[in-house]
Amino acid sequence: MDAAELVAMIDDLRRVGGDHSTCEVKKAQGGLPTTLWESISALANAQGGWVILGVDEKNDFNIVGVNDAATTEANLGGVCSEMEPPIRAEVVTVGIDGKNVVTCYIPPMPRDQRPCFKKNLGPYAGSRIRVGDGDRKLTDYEVSVLLSNRNEPRYDVSPVPEASIDDLDRDLLQAYLRRVRDTKSSIFRRVEDERALKMLNVLTEHDDKVVPTLAGLLAFGEYPQTFEPQLDVTFVAYPTTDPGILGKVGERFTENRAIDGPIPEMVSECIHTLKRNMKRRSIVSGIFRSDEWEYPEEVIREALVNALVHRDYSEHARGMQVQVEMYPDRLVIRNPGGLYGPVEVGSLGTSTISSSRNKALLKILEDTPYGDGHMVCENRGSGITRIRIALTEAGMEPPLFKDEIASFTAEFPNHTLLDEEALAWLQGLDGNPLTRSQMTALVMMRNGSVMTNSSYRTATGIQDSRAASRELKELVDREILIQQGTRGAASYHLPESLPTLEIVELPISPEESERPTVPLSEMQEKVLRALGGKDASRAEIEEITQFTHGQVINALQTLRDLGLVEMVGKPRSRTAKWRKRDNSTVS
């Protein structure tokens, strides 16, 4: 790092008002802080980042310099070498205005070498993770997950001693064996059933008897929860966008249940339950319009299978379930255990790299009938890709993935990205056809996103970076996009001269105009007055009224149901605002 880069980084910290997830600043005039190892461990266990010594965070990030740069460099290098695995950091002293600032870049530790911890404390006491601008001690479970990633987990082939082959569904086993014998090596046609099932990791020997493996029980068990009660799926449908906010009649949730059985049955039953709580929406595709579920069934199935197949089945995690949470504005699917292997969140669905902590279970489910003629896992390693493509085809926003070591979360926004307003805007660009992926990216950029080749592939499900480059270049050539930078550093923006849609007020229906006047609560009246004659965000309303987040959400939802206010923009968007309808008055 040179002086100009350091000054720019410090200016950025001043704007932010503090350290952030990839930078830790210390004054360090009296020597290295004793807790500096925590930040080094935390950065190495996340995405890496910078340690800056000689800058006073508490005094507007003034550059104060260190007293002895050479000694500080040596001591900092010593701390890095005391970590396990040792950190090969680049330590450089930068001179600014006659003062020495010591900079150190901490590279991210490869996933299969984490956690990075202070050697003399051990992994459970000496591991940290970066959260915002602070460092948090990893929990024992998080450390166990990371340590297990260093080796090939075998939890799915562990025996279930209390179970026997009689606890497996014979019809499912026979259908599975027929499929294997038709499509796999001829050896399975030459051996008896029990031998074949042992070779396929459905059965195993334990204490001189044959018992199911955990994978075999989960795939074919008549009721696996007899032996592992928590290895199921929980489903909760919430009436509001916040689980802490009650519904209109005081309900905490509209449905709450546990879904048991083998994996194929849990997937099928969970989809059925989701449909019971879903509405249907109109999807526009070309000149055709069709009614579809709020979430495409293919997306739900792939997400559920991924959660059940790739979850952590270690002893530490067998008390945790796969959780499905349905809100009015999103669907959340969460499973124990973060990503396994070299896979990164940003590359999910755009890279051919795949990795599974439960290889035997995945292999079994590739040949396990789902019930509709398809297999539970049809295309190994392509589930996330299919999710992205299916959402793009349905004109919906891409999913949001979050890896938190102890858990992995997939979130699916519940609103159509390519609605009629967006389609009208797209048609007004230059009149020429657009691919579905170009349409998706353009509308996301209209909503505030900046595209790179990587984010374009993440948003659309396109795996080939060359295909993404071609589509982006076409939009640049048509003057729909502006390119900044070249090659790997290229980013794409909408020009200011592009047409923008005005907000179209929908006519009030006779039913709405005849709606009887409902007396408002004092809170609702104050929220309505806060809007006045201007648009305001939820945060602005909170600041004006001094009400809590939940109070404002409840009031706005009620006022919208009464036809007194409307949202301008996309739900859950940072730019979304609220507006008083013309016919609304406060009595």
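If you're wondering where the values come from, they're calculated on a predicted model, not measured in any experiment.
Scanning both residues, V450 and S491, for their nearest heavy atoms gives CG1-CB, 4.2 Å. Taking each heavy atom of D232 and A258 in turn, the nearest pair found is OD2-CB, 3.8 Å. Between L168 and G216, the shortest heavy-atom distance links the atoms CD2-O, 3.9 Å. Taking all atoms of both residues into account, the shortest heavy-atom contact from A46 to P108 is O-CB, 3.6 Å. Among all heavy-atom pairs drawn from P296 and A390, the shortest one is CG-O, 4.4 Å. Here the closest heavy-atom approach between residue A219 and residue I364 is recorded as CB-CG2, 3.9 Å.
One N or O on the side chain of R181 and one on the backbone of F188 form a donor-acceptor pair closer than 3.5 Å. Listed for the N277 side chain is a donor-acceptor partner under 3.5 Å among the backbone atoms of T273. No donor-acceptor pair closer than 3.5 Å links the side chain of N358 to the backbone N or O of L361. In this structure a side-chain-to-backbone donor-acceptor pair under 3.5 Å is present from T254 to A237. A side-chain donor-acceptor contact under 3.5 Å links T392 to the backbone of T460. Here the side chain of S356 pairs no donor or acceptor atom with the backbone of H310 at under 3.5 angstrom. In this structure a side-chain-to-backbone donor-acceptor pair under 3.5 Å is present from D156 to A360. Remark: the backbone N or O of S465 is paired with a side-chain donor or acceptor of N453 at under 3.5 angstrom. Panel note: side chain N414, backbone P328; a donor-acceptor pair is recorded below 3.5 Å. Side-chain atoms of N45 come within 3.5 Å of backbone N or O of C116 as a donor-acceptor pair.
At most 12 heavy atoms of other shown residues, nucleotides or ligands fall within 6.0 angstrom of atom CZ in R252.
Using a cut-off of 4.0 Å between Lys/Arg side-chain N and Asp/Glu carboxylate O, R386 and E298 are scored as salt-bridged. At a threshold of 4.0 Å, the pair E474-R478 counts as salt-bridged, since one of the basic side-chain nitrogens sits closer than that to a carboxylate oxygen. R560 has no carboxylate O lying under 4.0 Å from a charged side-chain N of E566, or vice versa, which leaves the two without a salt bridge. Using a 4.0 Å cut-off between charged side-chain N and carboxylate O, E471 and R466 make no salt bridge. Contact check on R178 versus D182 returns no salt bridge, with no Lys/Arg side-chain nitrogen under 4.0 Å from an Asp/Glu carboxylate oxygen. We find that R334 and E411 are not joined by a salt bridge, their nearest charged nitrogen and carboxylate oxygen being 4.0 Å or further apart.
Taken to the nearest 0.5 Å, the CG atom of L331 stands 5.5 Å off from the CG atom of L274. For the atom pair CD1 of I480 and CE of M445, the computed distance is 10.5 Å after rounding to the nearest 0.5 Å. To the nearest 0.5 angstrom, T440 atom OG1 is 12.0 Å from R388 atom CZ.
Applying the salt bridge (Lys or Arg N to Asp or Glu O under 4.0 Å) test to residues at least two apart or on different chains, the pairs with a partner in residues 107-116 are R111-E344, R111-D403. Applying the salt bridge (Lys or Arg N to Asp or Glu O under 4.0 Å) definition to pairs two or more places apart or across chains, those involving residues 308-321 are E228-R318, E315-R318.
Both cation-pi conditions hold for R446 and W425: the charged atom is under 6.0 angstrom from the six-membered ring centre and inside a 45 degree cone around its axis.
For Q230, the side-chain hydrogen bond (donor to acceptor under 3.5 Å, both in side chains) partners at least two apart in sequence or on another chain are Q321. By the side chain to side chain contact (heavy atoms under 4.5 Å, CB included) test, K248 pairs with D561, sequence neighbours left out. Scored by the ring-ring contact (aromatic ring centres under 6.0 Å, His included) test, Y456 finds no partners at all (sequence neighbours excluded). The ring-ring contact (aromatic ring centres under 6.0 Å, His included) check on F401 picks up F408, with sequence neighbours excluded. Applying the side-chain hydrogen bond (donor to acceptor under 3.5 Å, both in side chains) test to T234 and every residue at least two apart in sequence or in another chain returns nothing. Residues that satisfy the ring-ring contact (aromatic ring centres under 6.0 Å, His included) test with F235, not counting sequence neighbours, are absent from this structure. In terms of the side-chain hydrogen bond (donor to acceptor under 3.5 Å, both in side chains) criterion, Q483 has no residue partners (sequence neighbours excluded). Contacts of Y327 classified as ring-ring contact (aromatic ring centres under 6.0 Å, His included), with partners at least two apart in sequence or in another chain: Y238. For D367, the side chain to side chain contact (heavy atoms under 4.5 Å, CB included) partners at least two apart in sequence or on another chain are Y176, R179, V180, T183, K184.
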key: Verdict with supporting geometry, T435 and S437, side chain to side chain donor-acceptor pair (under 3.5 Å)   = CA-CA 5 Å; T435 67; S437 51; 3.1 Å; yes
inquiry  = Using the rule given for side chain to side chain contact (heavy atoms under 4.5 Å, CB included), can you reason through L434 versus L475, listing the C-alpha separation, both sets of side-chain angles and the distance that settles it, and then say yes or no?
reply    = CA-CA 9 Å; L434 295 163; L475 295 174; 3.7 Å; yes
inquiry  = Run Y141 and I405 through side chain to side chain contact (heavy atoms under 4.5 Å, CB included) and show every step you take.
reply    = CA-CA 9 Å; Y141 174 60; I405 302 178; over 6 Å; no
task = Decide side chain to side chain contact (heavy atoms under 4.5 Å, CB included) for M326 and E255; before the verdict, give the C-alpha distance in whole Å, the side-chain angles of both, and the deciding distance to 0.1 Å.
result = CA-CA 9 Å; M326 191 173 190; E255 184 163 353; over 6 Å; no
inquiry  = Please determine whether side chain to side chain contact (heavy atoms under 4.5 Å, CB included) holds for the pair S407 and N335, giving the CA-CA distance in whole Å, both sets of side-chain angles, and the decisive distance to 0.1 Å.
reply    = CA-CA 6 Å; S407 65; N335 61 266; over 6 Å; no
Please tabulate, one pair per line, all N/O donor-acceptor pairs under 3.5 Å involving side-chain atoms of residues 260-272, not counting sequence neighbours.
{"unit_1": "D260", "atom_1": "OD2", "unit_2": "Y223", "atom_2": "OH", "d": "2.7"}
{"unit_1": "E269", "atom_1": "OE2", "unit_2": "R257", "atom_2": "NH1", "d": "2.8"}

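Looking at L218, T226, L217 one by one, the single match for side-chain contact (heavy atoms from CB on, under 4.5 Å) with V160 turns out to be L217.
Side-chain atoms of S455 and T458 form no donor-acceptor pair, as typed in the model, at a separation below 3.5 Å.
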